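Working notes, structure below.
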2 protein chains.
Amino acid sequence: MATARERAHARTLEKIVALGRDQLAEVGPARLSLREIARGLGMVSSAVYRYVASRDELLTLLIVDAYQELGQAVESAIAEPPDPRQQYAAAGHAVRHWALANPARYALVFGTPVPGYHAPAELTTGPGTRVIVALVRIFDAAWQAGALDVPQREPGPALLADLEEIAREYRLGLPPAGLAAAVTAWTGLFGAVSFEVFGQYGENTFRAPEELFEEQLAALATAAGLR
Amino acid sequence: MATARERAHARTLEKIVALGRDQLAEVGPARLSLREIARGLGMVSSAVYRYVASRDELLTLLIVDAYQELGQAVESAIAEPPDPRQQYAAAGHAVRHWALANPARYALVFGTPVPGYHAPAELTTGPGTRVIVALVRIFDAAWQAGALDVPQREPGPALLADLEEIAREYRLGLPPAGLAAAVTAWTGLFGAVSFEVFGQYGENTFRAPEELFEEQLAALATAAGLR
DNA sequence: CCATACCGAGAGCACTGCTCTCGAAAGTTC
DNA sequence: GAACTTTCGAGAGCAGTGCTCTCGGTATGG
């Protein structure tokens with residue numbers, strides 16, 4: 001049961017995260033300022049430290065927040081389509097849309113790790129794995145349904161051990177080579193999205209980025225063996 | 001002819017970039033401090049503004065510096081192997097090695113755009129395109145040699161126009177679908193490298209990242225039609 | 001009803017990027 | 001070789017940052 005004090009505390013903490021999110025969008029992660037957030041709350045800067053131990057802790061909160069929202073977006077996007085290939089495409093589109101709508105939060109999570117700051121694994125790994133877990137489940141289901149052409153290449157011995165460990169942990173029937181394919185489909189997806197969001201393509205090189213993305217998705221899905 | 005003054009100027013500017021590079025490696029882009037660089041030079045902070053107009057300009061210098069070194073590494077790696085698929089693999093390994101050896105500089109260029117800062121296109125696009133240009137040349141040569149299975153998928157109309165424009169600019173024989181494949185091989189490569197360098201895989205999920213990368217390279221090459 | 005835990009204010013420290021002025025040295029011109 | 005101009009480093013200073021400390025007021029739980 002939450003006391004009134006606890007509820008008030010949680011509410012202003014929520015406000016802090018919201019203001020941080022706004023500021024992130026405006027000025028980016030590195031110029032995120034606790035003092036500015038304090039001003040937004042009508043408090044003095046030191047008061048914010050009652051709620052957040054440091055700037056880094058605020059960053060952690062924002063990272064978890066972003067992971068959760070992206071994970072949620074992907075999971076609900078996947079729910080609809082009937083076959084695995086369309087599910088992968090839906091996941092890809094969900095990632096891209098969220099990233100384009102929230103470039104700063106995407107950058108916070110998938111861009112340069114904030115200098116000096118190292119995300120505490122116990123808080124971030126859970127939310128951070130939602131997307132890859134969702135993708136792997138798609139591939140696992142595809143394999144069960146016989147809709148996955150597992151690549152002929154056999155992973156090297158050490159990689160094989162890693163993959164088997166993961167398959168065991170998540171109770172996957174998916175063979176290691178299929179899991180490796182899922183990982184490539186994952187990293188390839190984020191490579192494509194990151195290049196677009198971070199402006200790595202030139203200014204006007206691609207006037208039809210969504211069509212390029214479509215092409216990339218198709219290539220990645222085929223490469224991963226999704227029929 | 002460079003006067004003594006100009007040479008001295010160039011030399012301390014070079015020192016500034018070198019110190020910036022060191023500092024980048026230590027504390028990352030956002031905590032890069034002009035004052036610290038001044039201390040390293042035995043100067044007072046205001047003096048470095050004789051050489052560099054702002055922190056952002058220093059960042060630009062470091063970005064160009066990083067692009068050039070990576071481009072150089074990739075170009076010389078490509079020179080050796082005889083066939084296109086091995087050239088692509090060599091390029092991939094060059095990118096990965098450079099990125100792992102210079103994570104901060106890699107992050108500066110391929111990670112989160114530094115907040116507020118927008119790289120001046122006239123300085124960065126040239127060096128910034130060296131890698132993709134090298135990759136496209138591989139694909140173009142492969143196509144000329146009949147070693148490229150151009151994907152059957154036809155790009156959408158707008159994307160087609162973009163691709164044709166690029167092919168014209170760089171005088172490529174490579175058909176649009178092949179160019180699109182090269183782009184996916186490019187973004188997929190950097191997706192894989194970024195995930196490893198930025199620590200997006202968990203702590204101990206992959207104990208054999210180089211074998212995973214090998215697998216990713218093979219999948220991307222095959223997907224792009226390199227035999 | 002009162003002791004306690006909480007919470008905001010305020011001052012202050014060390015740091016940052018950046019601007020200004022000033023004097024000295026070096027290079028250029030006559 | 002003298003006079004002028006450009007360059008460059010030093011120093012002070014401004015506005016901003018994260019973060020720490022202390023000091024009161026206040027709402028809460030026993």
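Order of the sequence lines sets the chain letters (A, B, ...), proteins ahead of strands, with each chain counted from 1. All values derive from a computational prediction rather than experimental measurement.
For the pair A:Leu13 CG and C:dC6 C1', the interatomic distance rounds to 15 Å; values are reported in whole Å. Spacing between atom CG of A:Leu58 and atom C1' of D:dT17 amounts to 14 Å, rounded to whole angstrom units. One atom, CD of A:Gln23, and another, C1' of D:dG16, lie 13 Å apart when rounded to the nearest Å. Remark: P of D:dG16 and CD1 of A:Ile37 are 17 Å apart, rounded to the nearest angstrom. Remark: P of D:dA12 and OH of B:Tyr49 are 18 Å apart, rounded to the nearest angstrom. Between A:Glu36 atom CD and D:dG18 atom C1' there is a gap of 14 Å when expressed in whole angstrom units. If you measure from atom CG of A:Asp56 to atom C1' of D:dC19, you get 12 Å, rounded to the nearest angstrom. Here the P atom of nucleotide D:dT20 and the CD atom of A:Glu57 are 12 Å apart, to the nearest Å.
Here the nucleotide nearest the side chain of B:Leu34, chosen from D:dG18, D:dG11, C:dG17, is C:dG17. Nearest nucleotide to the A:Val44 side chain, out of D:dG18, C:dG10, D:dG11: C:dG10.
At distances below 3.5 Å, at least one donor-acceptor pair connects side-chain atoms of A:Thr187 with backbone N or O atoms of A:Thr184. Checking side-chain atoms of B:Glu211 against main-chain N and O of A:Leu159 turns up a donor-acceptor pair under 3.5 Å. Between the side chain of A:Ser54 and the backbone N or O of A:Glu57 there is at least one donor-acceptor pair closer than 3.5 Å. Side-chain N or O atoms of A:Arg137 include none that pairs as donor or acceptor with a backbone N or O of A:Ile132 at under 3.5 Å. Between the side chain of A:Gln23 and the main chain of A:Ser33, a donor-acceptor pair closer than 3.5 Å is present.
Taking 4.0 Å as the cut-off between side-chain N and carboxylate O, A:Glu14 and A:Arg11 do not count as a salt-bridged pair. A salt bridge does not link B:Arg171 with B:Asp140: every distance from a Lys NZ or Arg NE/NH1/NH2 to an Asp or Glu carboxylate oxygen is 4.0 Å or more. We find that A:Glu69 and A:Arg105 are joined by a salt bridge, their nearest charged nitrogen and carboxylate oxygen being less than 4.0 Å apart.
Phosphate contact (OP1/OP2 of C:dC7, side-chain N/O of A:His9, threshold under 4.0 Å): present.
A residue-by-residue look at B:Leu32 and A:Gly42 shows that A:Gly42 has its nearest nucleotide of DNA chain C further toward the 5' end.
Among the heavy atoms of the strands lying under 4.0 Å from A:Tyr51 are primed sugar atoms or P, OP1, OP2 only; no base atom is included. Among the heavy atoms of the strands lying under 4.0 Å from B:Ser54 are primed sugar atoms or P, OP1, OP2 only; no base atom is included.
Evaluation of atom-type donor-acceptor distances gives no pair under 3.5 Å for the side chain of A:Ser46 against the base of C:dG8. Judged by atom type and distance alone, B:Arg55 does not reach the base of C:dG17 through any side-chain donor-acceptor pair under 3.5 Å.
Between A:Phe110 and A:Phe190, the gap from one ring centroid to the other is short of 6.0 Å.
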Counting primed atoms, P, OP1 and OP2 as sugar-phosphate and everything else as base, the B/S/- map of nucleotides 25-30 of chain D against protein heavy atoms under 4.0 Å is --BSS-
Polar atom pairs between nucleotides 12-15 of chain C and protein, under 3.5 Å, N or O only, would you list them?
| from | atom 1 | to | atom 2 | distance (Å) |
| --- | --- | --- | --- | --- |
| C:dG12 | O6 | A:Arg35 | NH2 | 3.3 |

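Remark: B:Glu165 engages no residue in a side chain to side chain donor-acceptor pair (under 3.5 Å) (not counting sequence neighbours).
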